[in-house]
Each structure stands twice: as C-alpha cells, then as structure tokens.
Amino acid sequence: MGAIGPAGTTPRSAGTGPGAAGTGARSAGTAPKQDRSRATRRNLLEAAVACLAEYGWVGSTVAVVAERAGVSRGAAQHHFPTREDLFTAAVEYVAEERSTALRALVPAGPAHRRAAVEGIVTLYTGPLFRAALHLWVAASDEEQLRPRVTELEARVGRESHRIAVELLGADESVPGVRETVQGLLDMARGLGLATLLTDDARRRERVVAQWARILDGVLG
C-alpha cells in the first residue's frame with residue numbers, strides 16, 4: 001500500500017497534477033514558438049539576399065528587408081542586431097543552401113563533369129552572386145564591414161573549392177589539378193561578372209562545354 005499523507009490522502013505521484021499539466025502545456029507551446037522563430041529568421045535571410053541583389057547595399061536597409069520578409073523592423077533586429085549581422089549571415093546562409101542543393105542535383109565523378117561545370121557556373125551567375133558582389137563592394141568602402149566580409153569570403157571560397165573537387169572527382173595530389181580547379185572557379189566568377197550587364201547564355205554554354213573538355217584532359 002502506498003504512503004498516506006497528513007490528511008489521509010495519497011500523495012500525487014511525480015508527473016501528475018496541475019503543475020505537471022502546466023509544464024506539459026508550456027512544452028507543447030514552446031515548439032511552435034521556436035518553429036516560428038526559425039521561420040522568421042529564414043525569411044529574413046532570404047529577403048536580405050533578394051534585396052541586396054535587386055537594390056544593392058545602399059538600398060537594402062533593415063526596414064526594406066523586414067518589409068519584404070513580412071515582419072517588423074523590431075523583429076528583424078531581434079534576430080540580427082546590426083545591418084552587418086543580417087547581410088553577412090544572409091549571404092552565408094544562402095551560399096550553404098545553394099551548395100547543398102548543388103550536391104543533391106549533380107552526381108559526383110568523371111562521368112558527370114559537364115553537369116558539374118554547369119552547376120558550378122550557376123552558383124556564380126544567379127542572384128546569390130549578385131548579392132555577394134554588392135556586399136563585397138560595400139566592404140571595400142566600409143571599415144566596420146570589411147573584416148566580416150573578408151572572413152566570409154574565405155569560408156565561402158574554401159567551401160566552393162571543396163564542392164568543385166568533390167563533384168569533379170579531382171585528385172589534388174596530382175600536380176596542376178588544384179590550380180585547374182581554381183581556374184574553373186575563377187572562370188565561373190568571371191562569367192558571373194559578365195552576366196551582371198548582359199545574359200549571354202549561348203556564349204556561356206560554349207565556355208562550359210570547353211571547360212568540361214579541358215577538365216577531362218587534365219583530370220583523366
């Protein structure tokens with residue numbers, strides 16, 4: 001028989017009673033709140049890149065981004081206290097998303113090099129590259145932004161190189177292979193710059209095809 005309390009009642013077991021029920025309700029309510037917070041953060045990051053690509057650094061204020069994301073400026077600053085926090089996080093977030101998507105869409109290995117080159121070039125000719133370019137240019141003039149963007153560029157550059165090596169099936173222990181992979185990335189960046197003014201898709205296709213042939217010759 002269980003122990004009897006002072007008034008002849010059986011004490012409540014742990015995890016029962018109004019207090020426990022309240023704890024459960026609080027736990028149940030926390031998850032949706034966290035989901036909303038994550039969704040708000042994601043919307044802000046994606047809106048920041050879109051605004052940066054369309055309006056440049058000068059036109060992409062926190063208020064403009066918040067309006068595009070459908071949240072208040074206060075909510076935006078809750079997640080990202082400064083403008084620099086918002087835009088550096090946004091470019092890194094979208095770069096990671098695009099990299100993940102590229103890995104999922106393009107099979108790795110020598111048999112798929114043309115598709116790999118096309119995928120890599122796509123990373124440098126879309127809105128993400130345009131947004132990143134505006135951020136880089138702003139960092140060249142704003143001292144408080146420059147160290148953060150320099151660090152971000154280094155991280156994104158290393159990740160881009162790793163993705164290229166993985167997708168191309170490149171063995172960088174072979175002399176000249178590392179430089180060839182970096183040359184591909186430099187070429188893709190150059191196409192991205194050219195696309196800012198004109199979208200010469202047919203010329204880009206020829207360049208991609210030629211680079212696929214070069215890589216087949218160098219990488220084997």
Side-chain angles (χ1 to χ4, degrees), residues 29-106 119-164 185-186 188-199 201 204:
T30 301
K33 184 176 181 180
Q34 291 175 339
D35 290 343
R36 288 194 300 272
S37 179
R38 282 192 292 266
T40 297
R41 187 177 192 277
R42 183 175 61 250
N43 290 342
L44 283 165
L45 293 172
E46 292 174 351
V49 168
C51 288
L52 200 54
E54 290 182 25
Y55 310 131
W57 175 254
V58 174
S60 297
T61 63
V62 174
V64 168
V65 173
E67 182 177 0
R68 188 173 190 130
V71 302
S72 68
R73 179 172 178 170
Q77 290 177 321
H78 170 74
H79 287 274
F80 303 101
T82 70
R83 189 183 183 202
E84 292 76 17
D85 289 336
L86 172 60
F87 285 101
T88 52
V91 169
E92 184 165 24
Y93 165 78
V94 176
E96 290 171 354
E97 290 290 299
R98 297 292 186 273
S99 298
T100 299
L102 181 60
R103 282 192 172 104
L105 289 173
V106 180
I120 290 166
V121 166
T122 298
L123 286 179
Y124 287 92
T125 53
L128 172 61
F129 178 75
R130 185 182 292 268
L133 185 61
H134 283 298
L135 193 62
W136 294 181
V137 172
S140 70
D141 293 327
E142 300 199 16
E143 291 187 8
Q144 61 182 358
L145 186 61
R146 190 178 306 143
R148 304 184 64 166
V149 173
T150 300
E151 181 185 350
L152 173 60
E153 162 66 9
R155 288 200 305 272
V156 171
R158 286 192 298 267
E159 180 61 16
S160 297
H161 194 97
R162 277 195 294 269
I163 291 171
L185 295 173
D186 291 343
R189 187 179 291 109
L191 287 177
L193 288 171
T195 302
L196 291 174
L197 297 178
T198 59
D199 186 10
R204 191 162 63 242

I120 CD1 to L191 CG distance, which is reported to the nearest 0.5 Å: 12.0 Å
R204 CZ to T195 OG1 distance, which is reported to the nearest 0.5 Å: 4.5 Å
Spatial distance of atom OG (S99) from atom CZ (R162) [nearest 0.5 Å]: 9.5 Å
Spacing of F80 atom CZ and R41 atom CZ [to the nearest 0.5 Å]: 4.0 Å
Gap between atom CZ of F87 and atom CD of E84 - 0.5 Å precision: 9.5 Å
Closest approach of V49 to P127 (non-hydrogen atoms, all atoms of both residues): CG1-O, 4.5 Å
Pair R68 + E54, salt bridge at N-O below 4.0 Å: yes
Smallest separation among heavy atoms of N43 and A69, with atom names: O-CB, 3.8 Å
Separation between CG of L86 and NE2 of H79, rounded to the nearest 0.5 Å: 11.0 Å
Contact summary for L185 and A164, nearest pair of heavy atoms: CD2-CB, 4.2 Å
Set of side-chain contact (heavy atoms from CB on, under 4.5 Å) partners for R130, sequence neighbours left out: A53, H134, L196
Within-4.5 Å side-chain heavy-atom neighbours: V91 and L152: yes
Least distance between heavy atoms, S60 atom then G56 atom: OG-O, 2.7 Å
Close side-chain approach of Y55 to T61, heavy-atom, < 4.5 Å: no
Heavy-atom pair with the smallest gap, counting every atom of L45 and V94: O-CG2, 4.4 Å
Full working for side-chain contact (heavy atoms from CB on, under 4.5 Å) between W57 and R83: CA-CA 10 Å; W57 175 254; R83 189 183 183 202; 3.4 Å; yes
Residues that E153 engages under side-chain contact (heavy atoms from CB on, under 4.5 Å), provided they are two or more places apart: W136, R189
Sub-4.5 Å side-chain heavy-atom contact between R146 and E143: yes
Closest contact, heavy atoms only, C51 versus V64: SG-CG1, 3.9 Å
pair R148-T82: side-chain heavy atoms closer than 4.5 Å: yes
Ionic contact status for E159 with R155, cut-off 4.0 Å: no
Contact check, side chains of L145 and L135, non-hydrogen atoms, under 4.5 Å: yes
E67, CD atom: more than 12 neighbouring heavy atoms under 6.0 Å: no
